[in-house]
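Notes for the one structure printed next.
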Amino acid sequence: MKKTAVLSILVFVFAIATGVLGYLYSTKMVEKPEAAESAQLPISEMTDKWASSAHADSSSLAFRDWDETEDKKVPPTCAKCHSSSGLKDYFGLDGTAVMAVDNPAKIGNVVDCSACHNSYVETATTVKFPSGIEMAAASDVVPCWTCHQGMQGGINGDLDKKIGSTEPDAKAEGLGFVNPHYLAVGSMYLGSEANGGYQYEGKTYAGHFEHAEGVQSCTECHDPHSLHLADPGYKKCQTCHAEVTAWPDQQKIRRTKQDYDGDGDVTEPTYDEINGLTEKLIAAIVQYSKDISKAPIGYTPNYPYWFADLNENGTQDEGEAGYKDWTPRMMRAAFNYKFVSTSAGYIHNPVYSAQLLIDSISDLASGDSAIALDKFARP
Ligand code: HEC
Ligand code: HEC
Ligand code: HEC
Ligand code: HEC
Ligand code: HEC
Ligand SMILES: [Ca+2]
Ligand SMILES: [Ca+2]
Ligand SMILES: [Ca+2]
C-alpha cells in the first residue's frame with residue numbers, strides 16, 4: 001500500500017477513534033482522565049489492538065468483493081455485515097428505517113469503532129436472526145450477533161421455502177446452493193433457539209451452549225478489539241481444562257463421554273469428534289450424488305463451494321461449474337455441512353453441531369442404502 005494511503009487511513013481511524021472517545025465520555029462508559037493522565041488513554045490501546053485484527057483488514061475480500069462493481073458500492077443485502085456504514089443504516093442511525101438496510105454502502109468501510117460504539121447498540125436488547133426469530137441480547141454482543149449470524153435460517157427460514165414441495169430424492173429444478181454464509185457463530189452458539197441449522201422433523205436440538213461461568217458470551221472469550229481470546233488468553237481456559245497449556249490447545253479439549261463420530265475412539269478431542277463427523281458427512285453427500293442424483297458433486301471452501309465433479313477426483317478442475325443437480329435431501333445436508341464447518345462448531349456449540357451432522361448423514365442414508373451408518377452416539 002502507498003504511504004499516503006496508509007496515512008489517510010490512520011488519520012481516518014484517529015478521527016473515528018476521537019469521536020468514539022467523546023461518545024464514551026458522554027455516556028460515562030469511560031471516565032474522562034485529568035489532563036496529566038491523558039498520555040495513557042485506553043483509546044490508543046484499543047485502537048492498536050483493533051488495527052491488527054481481521055475487522056480492520058481493509059484488504060480482505062470481505063471488504064473488497066465489490067471493487068469491480070459498476071457503482072463501487074456494497075449492495076443493501078450485503079451491506080449490514082460488510083461495511084460499518086451499512087450496519088449503521090441497519091441500526092437506523094442514518095435516519096432510515098431500523099432493522100433494514102435502505103441504501104448501498106461504502107466499500108472498504110471495515111468494521112470500525114462506530115459499528116460497536118453507537119447509541120443504537122447501547123440501548124438495544126434484541127437481535128433478529130435469519131430464521132425470523134428475535135433473541136434477547138446483552139448490548140455488548142448485539143453487534144457480534146448481528147453480523148455473525150449467517151444469511152439463511154435452516155427451518156422457518158429460507159431453505160424450506162426455496163426447496164418447496166419437491167419430493168426428497170427428486171431433482172429440484174432451478175435450485176442453486178442455499179448458502180448459510182460465513183462465520184455464523186452467533187447462530188451456532190444459540191442452537192435451536194435461533195434455528196440456524198437445518199433441523200430435521202421429529203428430532204430435538206440443543207439450545208445455546210451453556211458452558212461455564214465467565215466463558216458464556218462472545219466478549220467474555222474474545223477481546224472485542226483484537227478478536228483473540230481475551231486476557232489472560234488461553235490461561236482462562238486452563239482453570240477448568242488443564243490440557244490447555246498453549247494456543248491452539250483448545251482443540252485438545254474433551255468433556256463428552258460419547259463417541260459422536262462412531263469411530264470407536266472415546267478419548268480423542270471433541271474437535272476430532274466433530275471433524276470426524278464432517279468428513280463422514282461430506283463422503284455421504286458425494287456417495288448420494290453418484291447413486292441418486294446421478295451427477296457427482298465436490299466441495300471447495302471458496303465460491304461456488306459445491307461443484308459438478310465431472311472427473312470425480314474431489315477437486316474443482318477447469319470446466320467444473322457450480323452444482324445444479326440438487327435434491328432436497330442433499331441440499332439440507334449440504335447446508336448443515338457448510339454451517340457447522342465455517343462456525344468453529346466444536347467450541348461454540350459442540351452438541352448442536354454433532355446433532356446436525358449425525359441427522360444429516362442419517363437422512364442421506366434413508367435415501368441411499370449404500371451409505372454406511374456408523375454407530376454414531378447422538379448427544
Ligand atoms: C449477516 C452478515 C452477512 C451478510 C448479510 C453478508 N455477509 Fe458476506 N460475510 C460475512 C462474514 C461474517 C464473513 C466472514 C469473512 C471471512 O471469513 O473472511 C463474510 C464473508 C464474505 C466473503 C469473503 C469470503 C472469503 O473467502 O473470504 C464474501 C465474498 C462475501 N461474504 C460476500 C457477501 C455477499 C455478496 C453478500 C450479499 C449478497 C454478503 N456477503 C452478505 C457476513 C455477512
Ligand atoms: C466489534 C465491536 C467493537 C469494535 C469494532 C470496537 N470496540 Fe471498543 N469495545 C467493544 C466492547 C464490547 C467494549 C466493552 C469491553 C468490556 O466491557 O470489556 C469496548 C470497550 C472500549 C473502550 C473502553 C475500554 C475500557 O476498558 O473501559 C474503549 C476506549 C474502546 N472500546 C475504544 C474503541 C476504539 C477506539 C475502537 C476503534 C479503533 C473500538 N473500540 C472498536 C467493542 C468494540
Ligand atoms: C459489521 C459486521 C461485524 C461486526 C459488528 C462484528 N464482526 Fe466479527 N467479523 C466480521 C467480518 C466481515 C469478519 C471477516 C473479516 C476479514 O475477513 O478480514 C469478521 C471476523 C471476525 C473474527 C475472525 C478473526 C480471524 O482472525 O479470523 C472473529 C473472532 C470475530 N469477527 C468476532 C467478532 C466479535 C466477538 C464481535 C462482537 C464484539 C464481532 N466480531 C462483530 C464482521 C463483523
Ligand atoms: C468459550 C469461549 C468462546 C466463546 C463464548 C465464543 N468463542 Fe468464538 N472462538 C473461540 C475459540 C477458542 C476460537 C478458535 C477456534 C479454533 O481456531 O479452533 C473461536 C473462533 C471464532 C471465530 C473464527 C472462526 C473460524 O473458523 O475462523 C469467530 C468468527 C468467532 N469465534 C466468533 C464468536 C462469536 C460471534 C461469539 C459469540 C456468539 C463467540 N465467538 C463466542 C472461543 C469462544
Ligand atoms: C469455569 C470452568 C470452565 C472454563 C473457564 C472453561 N470451560 Fe470449557 N467446559 C467446561 C465444562 C464444565 C464443559 C462441559 C460443558 C457441557 O458439556 O455442557 C466444557 C466444555 C468445553 C468444550 C466442549 C468439550 C466437549 O467435549 O463437549 C470446549 C471445546 C471448551 N469447553 C473450550 C473452552 C475454552 C476454549 C475455554 C477458554 C476460553 C474454556 N472452555 C473455559 C468448563 C470450563
Ligand atoms: Ca435503515
Ligand atoms: Ca470418536
Ligand atoms: Ca474434478
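Start at 1 and go down the list; that is how both ligands and their atoms are numbered.
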Taking only heavy atoms of [X] into account, list the atoms of ligand 2 that are under 4.0 Å away from them.
{"X": "Ile43", "result": "35 (C)"}
{"X": "Val111", "result": "5 (C)"}
{"X": "Cys116", "result": "1 (C), 2 (C), 3 (C), 4 (C), 5 (C), 42 (C), 43 (C)"}
{"X": "Asp112", "result": "5 (C)"}
{"X": "Asp140", "result": "12 (C)"}
{"X": "Thr47", "result": "35 (C), 38 (C)"}

After noting the C-alpha distance and the side-chain angles of Arg378 and Asp359, does the key distance pass the salt bridge (charged side-chain N to carboxylate O under 4.0 Å, His left out) rule? CA-CA 9 Å; Arg378 189 184 188 278; Asp359 293 349; 2.9 Å; yes
Under 2.8 Å from atom 8 (Fe) of ligand 2 - does any N, O or S atom of Cys113 fall there?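 No - counting backbone and side chain alike, Cys113 has no N, O or S atom under 2.8 Å.
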Confirm or rule out an N/O/S atom of His225, from backbone or side chain, lying less than 2.8 Å from atom 8 (Fe) of ligand 2.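 For His225, the answer is yes, given that an N, O or S atom comes within less than 2.8 Å of atom 8 (Fe) of ligand 2.
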Are the charged groups of Asp374 and Lys280 less than 4.0 angstrom apart, N to O?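 So Asp374 pairs with Lys280 through a salt bridge.
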Lys/Arg-Asp/Glu bridge criterion (N-O < 4.0 Å) met for Asp94, Lys88: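 Salt bridge flag = no for Lys88 with Asp94.
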So do Tyr260 and Phe376 actually touch side chain to side chain, heavy atoms under 4.5 Å?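 SC-SC contact between Phe376 and Tyr260 ruled out.
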For atom NZ of Lys236, is the number of surrounding heavy atoms from other residues, nucleotides or ligands below 6.0 Å larger than 12?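 It does: Lys236 NZ has more than 12 such atoms within range.
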Centres of the Trp66 and His82 rings: under 6.0 Å?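 Yes.
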Does the Gln250 side chain pair with the main chain of Ile347, one donor and one acceptor, at a distance under 3.5 Å?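 No: the side chain of Gln250 does not pair with the backbone of Ile347.
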Hey, could you give me the [atom1]/[atom2] distance between [X] and [Y], rounded to the nearest 0.5 Å?
{"X": "Leu281", "Y": "Leu364", "atom1": "CG", "atom2": "CG", "value": "6.5 Å"}
{"X": "Asn179", "Y": "Phe335", "atom1": "CG", "atom2": "CZ", "value": "8.0 Å"}
{"X": "Asp112", "Y": "Ser85", "atom1": "CG", "atom2": "OG", "value": "8.5 Å"}

What do you reckon, does His117 have a nitrogen or oxygen under 3.5 Å from a nitrogen or oxygen of ligand 2?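 Such a contact does occur with ligand 2.
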Ring pair (Phe, Tyr, Trp, His ring centres under 6.0 Å) against Tyr323, all qualifying residues, sequence neighbours excluded: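 Tyr323 satisfies ring pair (Phe, Tyr, Trp, His ring centres under 6.0 Å) with Trp326 only.
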Please identify each residue that fulfils ring pair (Phe, Tyr, Trp, His ring centres under 6.0 Å) with Phe91, with sequence neighbours left out.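 Listed in chain order: Tyr120.
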Between the protein and ligand 5, are there any N or O atom pairs that come within less than 3.5 Å of each other, and if so, what are their names and distances?
{"residue": "ligand 5", "atom": "7 (N)", "partner": "His211", "partner atom": "NE2", "Å": "2.9"}
{"residue": "ligand 5", "atom": "7 (N)", "partner": "His241", "partner atom": "NE2", "Å": "2.8"}
{"residue": "ligand 5", "atom": "9 (N)", "partner": "His211", "partner atom": "NE2", "Å": "2.8"}
{"residue": "ligand 5", "atom": "9 (N)", "partner": "His241", "partner atom": "NE2", "Å": "2.8"}
{"residue": "ligand 5", "atom": "26 (O)", "partner": "Arg255", "partner atom": "N", "Å": "2.8"}
{"residue": "ligand 5", "atom": "26 (O)", "partner": "Thr256", "partner atom": "N", "Å": "3.0"}
{"residue": "ligand 5", "atom": "26 (O)", "partner": "Thr270", "partner atom": "OG1", "Å": "2.5"}
{"residue": "ligand 5", "atom": "31 (N)", "partner": "His211", "partner atom": "NE2", "Å": "2.8"}
{"residue": "ligand 5", "atom": "31 (N)", "partner": "His241", "partner atom": "NE2", "Å": "2.9"}
{"residue": "ligand 5", "atom": "40 (N)", "partner": "His211", "partner atom": "NE2", "Å": "2.9"}
{"residue": "ligand 5", "atom": "40 (N)", "partner": "His241", "partner atom": "NE2", "Å": "2.8"}

When you look at Arg254 and Glu243, which way does the salt bridge (charged side-chain N to carboxylate O under 4.0 Å, His left out) test go after all the steps? CA-CA 9 Å; Arg254 178 187 181 95; Glu243 62 273 50; over 6 Å; no
Do any heavy atoms of Val141 fall under 4.0 Å from ligand 2?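 For ligand 2, residue contact (heavy atoms, under 4.0 Å) with Val141 is absent.
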Test of understanding: clusters of I, L, V, M, F, W, Y form through side-chain heavy atoms closer than 4.5 Å, transitively. Do Ile274 and Val266 belong to the same one?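 No, Ile274 and Val266 fall in different hydrophobic clusters.
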Which of the protein's N, O or S atoms come within less than 3.0 Å of the Ca ion (ligand 8), not counting waters?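 Listed by chain and number: Asp309 OD1, Asn311 OD1, Asn313 OD1, Thr315 O, Asp317 OD2, Glu320 OE1, Glu320 OE2.
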